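Please read the structure below before turning to the comments.
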2 protein chains.
Amino acid sequence: MDNTRDNMRKDAYDQIKYRIIHFEYIPGQKISEKLISTELNLGRTPIREALIRIEREELIEVIPQSGTYITRIDLQEAEDGRFVRESIEPRIMLQAATMMTPETKAKIQDNLKEQEKTAKLNQPDSFFDLDQDFHHLFYSLDNKDTVWSWLQMNNTQLNRFRRLRLKETDLNWQTLTKQHRLIYDAVINKDLDTIDYLIKEHLHLMLEEKGTVLNAYPDYFKVNDDDQVS
Amino acid sequence: MDNTRDNMRKDAYDQIKYRIIHFEYIPGQKISEKLISTELNLGRTPIREALIRIEREELIEVIPQSGTYITRIDLQEAEDGRFVRESIEPRIMLQAATMMTPETKAKIQDNLKEQEKTAKLNQPDSFFDLDQDFHHLFYSLDNKDTVWSWLQMNNTQLNRFRRLRLKETDLNWQTLTKQHRLIYDAVINKDLDTIDYLIKEHLHLMLEEKGTVLNAYPDYFKVNDDDQVS
DNA sequence: AGTACAATTCTTGTATATTAGTTTAAGTGA
DNA sequence: TCACTTAAACTAATATACAAGAATTGTACT
C-alpha cells in the first residue's frame, strides 16, 4: 500500500512523519537534513529522499540554500479536505450498508468498545487512530481502500487540526463516539436517509472549535487573509 | 502550486513525466537512472529525486536493486478515480452556477471554440488539454484549485486511459464537445437538475470503450482478476 | 549609536564513488 | 541434455565530497 520502500528510507520517512504529526517538530520550526541525519544516525541521502515525500504531503517546505521548515497548518486546505471527504463518504456509507458482513460487524463493535475505553483513559492519539480505523473499515468493505489512502494523503492539514483539537478539548470525545454508534446502527438498519444525514453532520463537526484550538496554539497556523481581521 | 522546485529536478520531472504520459516510454518498459541521466544529460541525483515524485503518482514502480519500470494502467484504480471525481464534480458545478462571472464566461466560450477547432484538426493531446482546462475553470471559479490538483494527482491512471482512447477513437470527440456545451448552457441557466444529470453522464463516459482501447493496446494494461476470463 | 559592507557559516543542490542486492548467463558435473 | 553452482554484470541504495546561494554575524565607518 505504501510506496515508501526498503528499510532506511522508510525508517527515515516514518520517524520524521511521526514527529511532525505528533508535534514533536512544531509548525514553523526549522530543521535541517544534517540535523536529522545525525539525530537518526543515517546518511543524508535517505533523509533527503524521505523529505521529498513528506514535502509532497505539504508537511514541510524546503527553501533552497536556506532551510527546511515544518509547515504551519493551513485551515483553508483543511476546509477543502473536508469538502472532499463530505462528497465521498456518504456514498461510501450508503454502499457499505448493502454489503455488511458478520466479520466487519464484529470488527466495528470491537472498535466502538475500544473507543469508549480510550475516551475514558484520555489518550488522544489512540483515540484518533481508532476514529480513523472506524471510518476506514467501511471503505475496506466497499473495496475502496485506494480511495481511503488518497484521502489520507490529501487530508494532512485537516488531520493535524483534528489531532490538536483532541489534545485540547477532551469533552468532545463523548460526542464523537456517540455519533459513531448512531452511524453504525443506521448502517445495520439500512436506514439510508439517516445514514446520509448523520455522516454529513459528523464530518462537518471535524472543523468545529476552531476558535479554541487557534487560541491554544496560535502560531501553529498559517494566517489566511479572511480570518482574524481584528 | 507545483511543489517541484528548482531547475534541474523540475526539468527532469517534467520531461520524464511528459514522456510517460505521451507514451514515449511505454507501460512495462524498463528504464534506468543511468539511461535517463545520459539521455537528459544530467547527473543521476536530480533524476532520482524526480523519479521519487513520479513513483508517488504511480506512473513508475521501482524495484530495489533491480530496475525502474513504467507501470501498466490499472483500470481498477481508474474506476476509483472516476468514482471520486463523480462524487466531487457535481457539487463543484452546482456551486459554480451561482458564482459565474463575465470573465469566466468569456474564457469558457473561447475554450469551447478551441475544442471544436482542435477536434477537426485531429490533435488528441491538444484536445485532452482543452478538455482538462474546461473542467478546471469551474474549480477555479469556486476557489477549489487545490481540490483540482488533488484530483489530478490521484487520477493518473484514468487520465492515461483517456489519452489513449482519444488516440484510438476520434469520433468520440464530437460527443464530448457537445456535452461540454450543454453543460455550459445549463450552468448559465442555473438549471440545477440538468447540471447534475449532465455532469454525471459526462464523467461516467470517461471509462467507456474499454474494449476498443484494450484491444488496441493490450499490454499497456495491468491484468485485473475480474476482467477477461476468457 | 546606527548603518553599510564584508567575510564567515550554514543550508540545500548536485555529482561521484562505494556498497549491496538481483539478475543473468556461463560453466561444471552428472 | 539437464540440474545445479558460481561468477560476472547490472541495478538501485547509500555515503561522501564539492558547489552555490542565503543568512548571519562581526567589523569598520559615518
Side-chain angles (χ1 to χ4, degrees), chain A residues 1-20 24-72 219, chain B residues 1-20 24-72 219:
Chain A
M1 204 83 323
D2 214 340
N3 24 20
T4 53
R5 28 191 80 268
D6 264 308
N7 28 25
M8 313 194 80
R9 175 149 86 215
K10 182 165 168 46
D11 275 9
Y13 174 85
D14 288 341
Q15 293 206 47
I16 298 169
K17 190 165 172 183
Y18 182 92
R19 292 180 190 203
I20 297 175
E24 295 178 16
Y25 297 146
I26 67 175
Q29 179 179 347
K30 177 176 180 173
I31 59 183
S32 89
E33 295 174 357
K34 210 170 76 182
L35 174 82
I36 303 179
S37 128
T38 57
E39 204 167 315
L40 266 65
N41 202 28
L42 284 171
R44 233 186 73 201
T45 309
I47 302 291
R48 208 178 146 64
E49 303 189 340
L51 287 179
I52 290 176
R53 286 195 156 73
I54 296 176
E55 185 187 17
R56 198 130 233 220
E57 300 174 34
E58 300 186 83
L59 292 174
I60 62 171
E61 179 183 17
V62 28
I63 299 176
Q65 274 75 37
S66 161
T68 304
Y69 304 86
I70 310 294
T71 56
R72 295 175 203 279
D219 47 350
Chain B
M1 204 81 327
D2 213 340
N3 23 21
T4 53
R5 33 189 75 267
D6 265 306
N7 26 27
M8 312 192 81
R9 176 148 86 215
K10 181 164 169 50
D11 275 8
Y13 174 85
D14 287 340
Q15 294 206 47
I16 298 169
K17 190 166 172 184
Y18 182 92
R19 293 180 189 203
I20 297 174
E24 295 178 16
Y25 297 145
I26 67 176
Q29 179 179 349
K30 176 175 181 174
I31 58 183
S32 88
E33 295 175 357
K34 211 169 73 182
L35 173 82
I36 302 180
S37 129
T38 56
E39 204 167 315
L40 265 66
N41 202 29
L42 283 172
R44 247 184 46 226
T45 309
I47 302 290
R48 206 176 148 63
E49 303 189 340
L51 288 179
I52 289 176
R53 286 195 155 72
I54 296 176
E55 184 187 18
R56 202 131 231 215
E57 300 174 33
E58 300 186 81
L59 291 174
I60 62 171
E61 179 184 19
V62 27
I63 299 176
Q65 272 78 33
S66 162
T68 304
Y69 303 86
I70 311 294
T71 57
R72 294 176 203 279
D219 47 350

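Numbered from 1 within each chain, the chains take letters A, B, ... in sequence-line order. Bear in mind the structure is a predicted one, so any value in this text is a computation, not a measurement.
- Here the P atom of nucleotide D:dT11 and the CG atom of B:Leu35 are 9 Å apart, to the nearest Å.
- Between the P atom of D:dA12 and the CD1 atom of B:Ile54 lies a distance of 14 Å, rounded to the nearest Å.
- Of the candidates B:Gln29, B:Arg19, B:Gln15, B:Glu24 forms a side-chain contact (heavy atoms from CB on, under 4.5 Å) with just one, namely B:Arg19.
- Residue B:Arg48 has its side chain nearest to D:dA13 when only D:dA13, C:dT14, D:dT11 are considered.
- Put simply, CD1 on A:Ile47 is 15 Å from C1' on D:dT16, counting in whole angstrom units.
- Considering only heavy atoms from C-beta on, B:Lys30 stays 4.5 Å or farther from B:Thr68 through its side chain.
- Closest-nucleotide positions on DNA chain D for A:Tyr69 and A:Gly43 were compared, and the one nearer the 5' end corresponds to A:Gly43.
- Within a 6.0 Å sphere centred on CG of B:Asp219, other residues, nucleotides and ligands contribute more than 12 heavy atoms.
- Between the base of C:dT12 and the side chain of A:Gln65 there is a donor-acceptor pair shorter than 3.5 Å.
- Whole-Å rounding puts the B:Ile63 CD1 to C:dT23 P distance at 8 Å.
- Of the two residues contacting DNA chain C, namely A:Ile31 and B:Leu42, the nearest-nucleotide position lying further toward the 5' end is that of A:Ile31.
- A:Ser37 contributes a side-chain N or O that, together with a main-chain N or O of A:Leu42, makes up a donor-acceptor pair within less than 3.5 Å.
- A:Glu33 places its CD atom 6 Å from the C1' atom of C:dT12, with the value rounded to the nearest Å.
- Listed candidates were C:dG13, D:dA13, D:dT11. Nearest to the side chain of B:Arg44 is D:dA13.
- One N or O donor and one acceptor, one from the side chain of B:Thr45 and one from the base of C:dA15, sit under 3.5 Å apart.
- For A:Lys34 and D:dC18, the NZ to P distance is 15 Å, given to the nearest whole Å.
- Put simply, A:Thr68 has no side-chain N or O that comes within less than 4.0 Å of OP1 or OP2 on C:dT11.
- Considering only the side chain of B:Arg9, C:dT14 comes nearest among C:dT14, D:dA13, D:dA15.
- What separates CD1 of B:Ile60 from P of D:dA12 is a distance of 10 Å, to the nearest Å.
- When the P atom of C:dG21 is taken as reference, atom CE of A:Met8 falls 12 Å away, rounded to whole Å.
- Set against C:dT23, C:dT11, D:dA13, the side chain of A:Lys30 has C:dT11 as its closest nucleotide.
- Between the side chain of A:Thr71 and the main chain of A:Leu59, a donor-acceptor pair closer than 3.5 Å is present.
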